Protein chains: 2
Amino acid sequence: MPKFGNLVSLHEAKNWSRNMSTVTIKMLARELNLAISTVSRALMDSYEISPETKQKVTALAKQLNYQPNHYASSLRKQRSKTIAVIIPEISNNFFSHVINGIEAIAQEKNYHVLIYFTHENQQKEAEVIQHLLGGRVDGILMSLAGTTSSTMHLQPIMEQGLPIVFFDRISDTLNAPTVTTDDFESARHATRHLMDVGCRKIAYLSISPNLSIDCKRMHGFNQALQDKPGMAHSMMIPCSTDTNQNFERICQVLREEQPDGIFASVEKLAITSYHACAAVGLSIPKDVKILSFSNLETASLLNPSLTTIIQPAFDMGKSAATVLFHMLEKRKGRQWEQNTVIKSNMIIRNSTQIAV
Amino acid sequence: MPKFGNLVSLHEAKNWSRNMSTVTIKMLARELNLAISTVSRALMDSYEISPETKQKVTALAKQLNYQPNHYASSLRKQRSKTIAVIIPEISNNFFSHVINGIEAIAQEKNYHVLIYFTHENQQKEAEVIQHLLGGRVDGILMSLAGTTSSTMHLQPIMEQGLPIVFFDRISDTLNAPTVTTDDFESARHATRHLMDVGCRKIAYLSISPNLSIDCKRMHGFNQALQDKPGMAHSMMIPCSTDTNQNFERICQVLREEQPDGIFASVEKLAITSYHACAAVGLSIPKDVKILSFSNLETASLLNPSLTTIIQPAFDMGKSAATVLFHMLEKRKGRQWEQNTVIKSNMIIRNSTQIAV
DNA sequence: CTGTTAGCGCGTTCAT
DNA sequence: ATGAACGCGCTAACAG
């Protein structure tokens with residue numbers, strides 16, 4: 001597939017002294033007849049270096065386009081100014097926005113971001129964690145994989161004292177800061193809304209019973225039904241990460257059970273439902289009303305077909321990162337704050353603009 | 001906003017010898033009465049270490065949960081098994097998929113991925129590049145910022161010989177491998193389609209004349225109009241990265257110029273157009289037909305309102321990464337292949353299923 | 001104010 | 001088959 005040419009451009013040596021090897025403080029020191037440490041301190045603008053020397057050093061550094069070696073510095077200082085973000089997948093629009101939020105804060109703090117996808121696979125999740133244990137990052141931001149039931153593989157992190165913040169898909173058995181939205185309350189609220197607009201037979205599409213968000217949303221869903229007993233029937237439809245399979249399953253349910261409402265636990269299932277309705281020949285929202293958590297962009301496209309609970313994904317990313325940096329900065333020895341829980345405000349949005 | 005508790009769990013020392021400090025080969029060596037170098041070699045499965053010693057070393061390493069220090073090893077080996085991805089923004093759905101593709105290949109090659117957003121800002125772009133010059137990554141995958149007109153800030157990379165591959169938003173003045181889709185041909189083809197279904201006055205929404213994709217698409221657009229002279233009028237509407245501003249601009253155009261077709265250079269502008277039509281009271285595709293490059297997911301939601309050219313974003317990510325790794329592996333000294341151009345096949349999709 | 005020294009943790013020479 | 005020693009590039013303690 002790739003087609004290679006072989007034009008190798010031969011640039012002339014321009015600004016550097018000898019060959020094109022990368023320039024180090026050692027070279028600067030030699031060039032200026034200074035000690036290595038002096039150059040180092042000059043570059044970090046230490047108070048104990050004379051203005052003239054600083055001037056000379058920074059001038060030469062700029063001229064030679066000196067760039068500090070991040071690996072050497074991280075090794076020496078034992079901190080890397082780098083955090084890791086571990087998420088199930090990014091094709092899910094929700095996580096795109098979260099990452100955006102995280103990166104915004106990281107950029108502000110001059111931190112770097114390593115990104116890892118688990119593809120909803122616990123095995124992969126464990127591998128990534130294992131690698132990160134080697135001191136590669138100062139902290140971790142994480143959202144659990146859908147198949148993750150046990151949290152054994154996270155124990156080393158807790159024991160080693162590596163700062164970690166969970167967001168969205170959290171673990172209740174782990175004693176670590178978490179950032180989530182109020183899934184229970186907004187699911188309850190939105191389900192009530194579905195009933196208010198006439199739904200009497202609602203199908204709940206579950207993505208995975210191992211996911212905290214799924215459980216809480218289902219819980220809120222059930223609570224809403226119990227709040228008004230006898231008002232509506234419910235059905236639990238177990239789905240998976242296999243979209244094609246979900247599609248078939250949903251079509252089948254639509255035909256055989258004929259629900260007039262669908263509560264999709266995650267956005268992807270809502271979109272699949274959207275297509276399933278079209279395939280079966282049902283019109284939205286006339287025949288079937290679909291409810292889901294989703295982001296603003298997708299919601300705007302689907303509106304008014306869907307009752308959408310908009311997740312403040314960008315803000316959640318920012319919040320999670322903020323908590324993590326708080327831990328990093330306050331860290332003394334091996335202790336830091338735990339049990340931080342931020343419940344972001346929910347924005348609920350649909351054709352009739354309900355608010356929570 | 002954050003609410004902190006202070007439960008600090010005190011875990012007992014379990015498997016390690018002394019305190020909970022991270023375990024190094026030095027400790028393993030001391031524990032086993034071996035030289036550091038022996039342990040090092042045993043862990044990398046060197047042929048000159050006896051099976052018994054290897055056995056003992058790996059056993060203890062596993063027991064103490066030893067993890068090599070990535071920074072030390074990178075410093076020593078002068079390569080980091082890490083690549084950087086520099087993109088304008090990720091909220092743009094297109095880049096989400098690209099990253100997914102990149103990460104898939106990186107994971108396969110056991111590489112790590114640092115991610116940087118330029119937020120369409122050339123200044124930021126330059127800063128990131130500058131940092132990366134310090135030997136932090138083995139290679140770079142990059143898509144240029146919309147405001148980037150000059151490529152001066154990329155010169156040091158070329159001079160230093162840091163492997164880099166551009167994708168999607170490339171620079172024509174830079175002598176580096178690129179991966180793009182065939183923007184000219186597919187834009188031409190799709191525009192022809194617009195005319196075939198009856199459009200006679202088409203507005204082209206330009207995102208930035210500095211962007212290669214914008215130019216090529218506009219070029220293809222114009223070519224299609226020239227192919228059938230007198231068939232349709234065209235209008236050039238300059239847009240920006242400010243969505244609100246774009247919205248107003250498009251509404252104004254819709255009212256005053258009343259085009260019956262819109263060619264949006266990027267997905268975001270298509271969505272904005274979609275909303276603008278709704279605001280002005282025009283129905284899609286009856287009154288106005290919108291054409292755009294977009295990803296499958298968004299396209300599926302907007303179908304059949306939009307004539308969509310689906311970009312193989314995931315594949316583009318994979319291709320770009322593949323080319324980069326090719327460079328990394330073949331690298332000897334400071335030379336490698338240049339001018340690699342992969343033109344991914346385009347998939348064109350809309351209500352009437354046209355193919356290119 | 002500046003220089004000397006001593007590592008950070010790992011891989012690689014050179015000896016044995 | 002194993003050990004001793006050195007250095008990747010940088011920071012920090014300790015002199016002077």
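Note that the coordinates shown come from a computational prediction; the quantities given were computed from them, not determined experimentally. Every chain is numbered from 1, with letters handed out A, B, ... down the list of sequences. Side-chain atoms are counted along with the backbone in the values below, which use heavy atoms only and exclude waters and symmetry mates.
Spacing between atom CD1 of A:Ile25 and atom P of D:dA12 amounts to 11 Å, rounded to whole angstrom units. The interatomic distance linking B:Asn69 (CG) with D:dC8 (C1') rounds to 13 Å, in whole Å. Between the P atom of D:dG3 and the CG atom of B:Leu28 lies a distance of 14 Å, rounded to the nearest Å. Rounded to whole Å, the distance from OH on A:Tyr47 to C1' on C:dT2 is 13 Å. As rounded to whole Å, 20 Å separates atom P of C:dC8 from atom CD of B:Gln67. Taking atom CZ of A:Arg30 as the reference point, atom P of C:dG3 lies 15 Å away to the nearest angstrom. We find that NZ of B:Lys26 is positioned 12 Å from C1' of C:dC10, with the value rounded to whole Å. For the pair B:Leu75 CG and D:dG7 C1', the interatomic distance rounds to 9 Å; values are reported in whole Å.
Listed nucleotides D:dC10, C:dT2, D:dG3 differ in distance to A:Ala72; the shortest reach to its side chain belongs to D:dC10. Listed nucleotides: D:dA12, D:dA1, D:dC10. Nearest to the side chain of A:Pro68: D:dC10.
Take the nearest nucleotide of DNA chain D for B:Val39 and for A:Lys77: the residue whose nucleotide is more 5' is B:Val39.
Ring planes of B:His70 and A:His131: perpendicular class, angle over 60° (limits at 30 and 60°). Ring-plane geometry between A:Tyr71 and B:Tyr71 is classed as tilted, the angle between the planes lying from 30 to 60 degrees on a 0 to 90 degree scale.
Side chain of A:Thr82 to backbone of A:Val113: no donor-acceptor contact under 3.5 angstrom is found.
OP1 or OP2 of C:dG3 sits under 4.0 Å from a side-chain N or O of A:Thr38. The side chain of B:Gln78 places no N or O atom within less than 4.0 Å of a non-bridging phosphate oxygen (OP1 or OP2) of D:dG7. Considering only side-chain N and O atoms, A:Thr53 lies under 4.0 angstrom from the phosphate OP1 or OP2 of C:dT2. Listed pair A:Tyr66 / D:dG9 fails the phosphate criterion, with no side-chain N or O lying under 4.0 Å from OP1 or OP2. When the side-chain nitrogen and oxygen atoms of B:Ser40 are compared with OP1 and OP2 of C:dG11, one or more of them lie within a distance under 4.0 Å.
B:Arg76 contributes no side-chain N or O that forms a donor-acceptor pair with the base of D:dG9 under 3.5 Å. The base of D:dA4 is paired with the side chain of B:Ser37 by a donor and an acceptor separated by under 3.5 Å.
No contact: B:Ile36 has no heavy atom under 4.0 Å from any strand.
Salt-bridge annotation for A:Lys318 and A:Glu108: absent, with no side-chain N of the basic residue lying under 4.0 Å from a carboxylate O of the acidic one. One finds no salt bridge joining A:Lys81 and A:Asp138 here, because no Lys/Arg side-chain nitrogen approaches an Asp/Glu carboxylate oxygen to under 4.0 Å.
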